[in-house]
Every structure is written in structure tokens, then in C-alpha cells.
Amino acid sequence: MKTISKILQKTEGEWTQEERALLQTHQDAVQELSRRQSRRFLLKRKQEEVFDDAENLKTKVKQLAEAVQQAKHVVIYTGAGISTAASIPDYRGPNGVWTQLQKGRSVSASDLSRAEPTLTHMCIWMLHKVKMVQHVVSQNCDGLHLRSGLPRNALSELHGNMFIEVCDSCSPAREFIRLFDVTERTALHRHGTGRLCLYCRAELRDTIVHFGERGTLEQPLNWKGAAEAAQQADVILCLGSSLKVLKKYSCLWCMNRPANKRPKLYIVNLQWTPKDNLATLKIHGKSQDPIFSLAKPLSPQEQRSHTRKEIAPPSDLEDASQDAQAQGEATAVQGGWFGRGYAKARRKK
């Protein structure tokens with residue numbers, strides 16, 4: 001296979017008679033290598049970020065706005081992509097944790113509890129406040145939807161919340177919302193936080209649902225609310241999610257109904273998702289702080305006229321992080337729900 005692979009890397013005009021004979025003899029190997037190459041090419045295409053041009057983006061956003069205005073019951077599904085503006089990396093994007101580790105790069109440490117709700121989080125909160133969005137289903141554990149002001153009964157955090165620990169020995173389970181990341185000492189199948197319930201003195205546990213686990217807590221997962229919202233929805237809007245995990249939750253997609261009876265699906269994501277072919281509309285775009293398009297740069301003579309640190313766009317923050325890694329200054333992600341995802345991918349590498 002290695003020999004044939006090397007031959008196929010050449011142009012047909014460079015093949016010798018012996019190489020042609022070898023390819024002719026091993027047609028099965030040639031076909032298998034061609035299939036592998038096609039799969040690699042397809043996978044690479046799916047990982048690429050695509051951006052709609054300004055005019056096309058404007059048209060699509062208008063269509064989405066009209067659909068939301070006309071809908072009776074809108075449900076929003078959110079993924080890690082809506083938190084990247086808060087300097088929380090996603091997993092599968094070009095600068096995502098797993099993508100970087102697959103390239104042999106390290107991931108710098110950061111205190112995710114210091115992140116603030118983004119413009120996207122606040123827009124979702126406002127849409128719910130004016131009754132244009134009825135429910136939000138999130139895969140994120142960062143707690144930013146809760147901190148944006150979204151009420152608990154309108155939110156399903158399917159994979160948990162880093163600020164909430166619970167006592168499942170009490171009946172019903174008691175929640176304790178903290179002002180810090182409670183997952184410092186927890187891991188896959190090890191959810192004890194080391195703190196005790198004020199009422200029964202049993203050990204508290206975090207609410208995080210790691211990859212390979214099944215969430216059983218009623219809150220903050222709120223599966224009941226998510227399933228009921230999906231059944232009532234006439235529009236589902238997916239924001240910043242690859243949908244590779246969400247697609248497995250059949251109750252969120254109403255696939256048991258005929259196609260014309262299902263909610264209309266709108267997806268906003270830069271990369272391919274497994275639901276693209278079912279979407280009424282796919283938008284390739286992302287929100288950006290308006291100040292970067294409005295700001296006027298200083299002239300060369302004015303560059304040293306101030307000592308204040310300039311606001312950096314997310315792309316510059318990513319580049320700075322990679323520069324620090326190249327200089328060996330990055331530290332490994334330690335502890336917590338995000339660190340577990342990092343450690344899992346690192347061990348696999």
C-alpha cells in the first residue's frame with residue numbers, strides 16, 4: 001500500500017513501466033487509496049470555515065428575521081461558537097481545543113469563570129424578554145445564558161452549568177449556585193466537589209455531563225423543558241454549534257413527523273453541520289463588536305500618543321495565544337469541565 005501510495009502521488013507522466021504494471025496488478029489497492037483520499041478531502045472541506053459575502057449575508061439575515069417575526073414558538077439551540085467572543089475556545093473550530101491538539105499544539109490555560117455574556121447572549125435574552133423566543137437549549141457549561149438574565153424555566157443546559165453543584169441525596173435534589181467554577185476537582189465519572197450539603201451533610205456533586213455520560217439531573221439540564229419546547233416549536237434556530245452531539249438527541253428534532261410537519265430549521269454556523277441538508281436556511285456568518293468597523297486608526301505620528309491597552313479582536317487574541325505557545329509560555333489547562341475535554345483529547349493524541 002505504501003509503494004502504491006507513493007506512485008499515486010506522482011503525475012501519470014512520471015510513472016515508469018514497472019509502476020504502471022504494479023498499479024494494474026493491484027487495482028483493489030488503488031481503489032482503496034482513492035477512497036481514502038476522497039474521505040480526507042471531504043473531511044477537510046467540512047472543517048473549513050465559510051463566510052457569506054456581505055450582500056448575501058444581508059439577504060439571509062433579513063429572511064431569518066422575517067421567519068422569527070412570523071413564528072409562534074421559536075426555540076434556539078446554542079453551542080460553543082456563541083461563547084468564543086468571550087475568549088472561551090470552542091472544540092471543533094480552526095482554533096478549537098481538539099483541533100489544536102490534533103495539530104500537536106498546546107492549549108493555554110484560562111479562567112473561564114471570568115468570561116462575561118456576549119452580545120449574542122444578550123440578544124437572545126432580549127428576544128425572550130419581548131416574547132419572540134420561547135426557550136433556549138444550550139450545550140454550553142459556561143453559565144453565560146443564566147448570567148445574561150435568561151429565566152431558569154426558559155433554559156435547558158443539557159451538559160450542565162459550571163457554577164451549580166447539587167445534593168442528589170436530598171429529595172428533591174437541592175441546588176447550590178456558586179460564584180466560582182465548582183468543577184475544579186471533578187472529572188469523568190467523578191463528580192464530587194468536596195463540599196457538603198447544608199441540610200443532610202452528603203457530598204455535593206457538579207452538574208457537568210461529560211462525553212460518554214448520560215445526564216440524569218432534573219436541573220439545570222431541564223430535559224423536560226427542552227423536549228416540550230421542541231414539540232411546540234415551529235422554528236428552530238441553531239447558533240454556533242457543529243450539531244454533531246445535538247443531532248443524537250432525537251426528541252429535539254421531531255423526526256417522527258412527516259417533513260412538512262416538522263419545525264423549520266435555521267442554522268448559523270461557519271462550518272458544515274450534519275443537519276445542513278434539512279435546513280430551510282444556512283447562514284455562514286458571525287457577530288463582531290461594531291467598534292472594530294467604526295474605529296479610525298491612529299497615524300504613524302500618533303502611535304505613541306497614549307499608553308492604554310487597545311481592544312483586540314478575537315482573531316488577534318488567538319494569534320497571541322499561539323505566539324505564546326510557540327515561545328513555550330503556555331501552561332496546560334488544569335481541572336474543571338473544560339480541562340477534562342482537553343485532557344481527554346491530549347491522552348488520545
Side-chain angles (χ1 to χ4, degrees), residues 36 38-51 75-85 88-103 105 107 112 120 135-142 144-145 156-162 188 208-215 221-223 226-227 229-230 233 236-256 262-286 333 337-349:
R36 290 182 189 179
S38 298
R39 283 197 296 268
R40 281 196 298 269
F41 177 75
L42 184 61
L43 182 62
K44 188 177 179 181
R45 286 290 303 273
K46 287 179 177 180
Q47 291 176 337
E48 289 176 355
E49 288 191 343
V50 178
F51 293 87
V75 181
I76 296 181
Y77 298 168
T78 66
I82 73 162
S83 295
T84 53
I88 298 178
D90 57 15
Y91 285 101
R92 296 181 176 89
N95 293 294
V97 173
W98 293 342
T99 307
Q100 295 296 333
L101 291 169
Q102 285 171 357
K103 293 178 179 178
R105 299 174 182 169
V107 179
L112 304 182
T120 305
H135 201 85
V136 175
V137 179
S138 182
Q139 297 170 262
N140 300 340
C141 307
D142 52 34
L144 295 181
H145 281 303
S156 295
E157 296 176 294
L158 301 184
H159 296 159
N161 186 313
M162 64 189 280
L188 177 69
I208 305 302
V209 181
H210 293 279
F211 188 82
E213 293 182 331
R214 183 182 294 274
L221 279 55
N222 192 13
W223 269 106
I236 292 175
L237 172 59
C238 302
L239 300 176
S241 173
S242 68
L243 300 181
K244 290 181 180 178
V245 174
L246 277 186
K247 71 170 184 180
K248 299 176 183 178
Y249 303 143
S250 56
C251 65
L252 299 181
W253 304 104
C254 306
M255 296 303 288
N256 56 340
R262 295 175 199 154
K264 290 183 179 178
L265 179 60
Y266 294 81
I267 299 174
V268 182
N269 201 55
L270 297 176
Q271 294 175 307
W272 171 89
T273 82
K275 291 287 185 180
D276 283 357
N277 61 331
L278 299 176
T280 302
L281 183 69
K282 171 74 182 289
I283 299 177
H284 301 94
K286 63 179 180 179
V333 175
W337 62 271
F338 195 82
R340 298 308 159 201
Y342 168 86
K344 171 183 174 290
R346 192 176 190 189
R347 284 195 299 274
K348 186 177 179 182
K349 180 68 178 175

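On a predicted model such as this, the values are computed, not experimentally measured, just so you know.
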Could you check Ser241 against Gln139 for side-chain hydrogen bond (donor to acceptor under 3.5 Å, both in side chains), going step by step and ending with a plain yes or no?
CA-CA 8 Å; Ser241 173; Gln139 297 170 262; 2.7 Å; yes
Between [X] and [Y], what is the shortest heavy-atom contact and its length?
X	Y	value
Asn222	Ser156	O-OG, 2.7 Å
Ser83	Leu144	OG-CD1, 3.8 Å
Leu239	Ile82	O-CG2, 3.6 Å
Gly215	Leu221	CA-CD2, 3.6 Å
Leu246	Leu252	CD2-CD1, 3.8 Å
Pro263	Ala230	CG-O, 4.1 Å

Starting at [atom1] of [X], measure out to [atom2] of [Y] and round the result to the nearest 0.5 Å.
X	Y	atom1	atom2	value
Trp272	Lys244	CH2	NZ	6.0 Å
Asn161	Asp142	CG	CG	8.0 Å
His210	His159	NE2	NE2	11.5 Å
Cys238	Ile283	SG	CD1	11.5 Å
Tyr77	His135	OH	NE2	9.0 Å
His145	Ile76	NE2	CD1	8.0 Å

With the side chain counted from C-beta on, respond yes when [X] and [Y] share a heavy-atom pair under 4.5 Å apart, and no when they do not.
X	Y	result
Leu237	Val268	yes
Ile267	Leu243	yes
Val209	Arg214	no
Gln271	Glu48	no
Thr78	Val137	no

Steps toward side-chain hydrogen bond (donor to acceptor under 3.5 Å, both in side chains) verdict (Thr273, Ser242):
CA-CA 5 Å; Thr273 82; Ser242 68; over 6 Å; no
Can Leu278 and Trp253 be said to form a side-chain contact (heavy atoms from CB on, under 4.5 Å), step by step?
CA-CA 10 Å; Leu278 299 176; Trp253 304 104; over 6 Å; no
Considering only residues two or more places apart or on different chains, which pairs with a residue in residues 263-277 satisfy salt bridge (Lys or Arg N to Asp or Glu O under 4.0 Å)?
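Non-adjacent pairs meeting salt bridge (Lys or Arg N to Asp or Glu O under 4.0 Å): Asp276-Lys282.
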Tyr266: ring-ring contact (aromatic ring centres under 6.0 Å, His included) partners, not counting sequence neighbours:
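With neighbours one apart ignored, the set is empty.
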With Phe51, which residues qualify under ring-ring contact (aromatic ring centres under 6.0 Å, His included), at least two apart?
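Not a single residue meets the ring-ring contact (aromatic ring centres under 6.0 Å, His included) criterion with Phe51.
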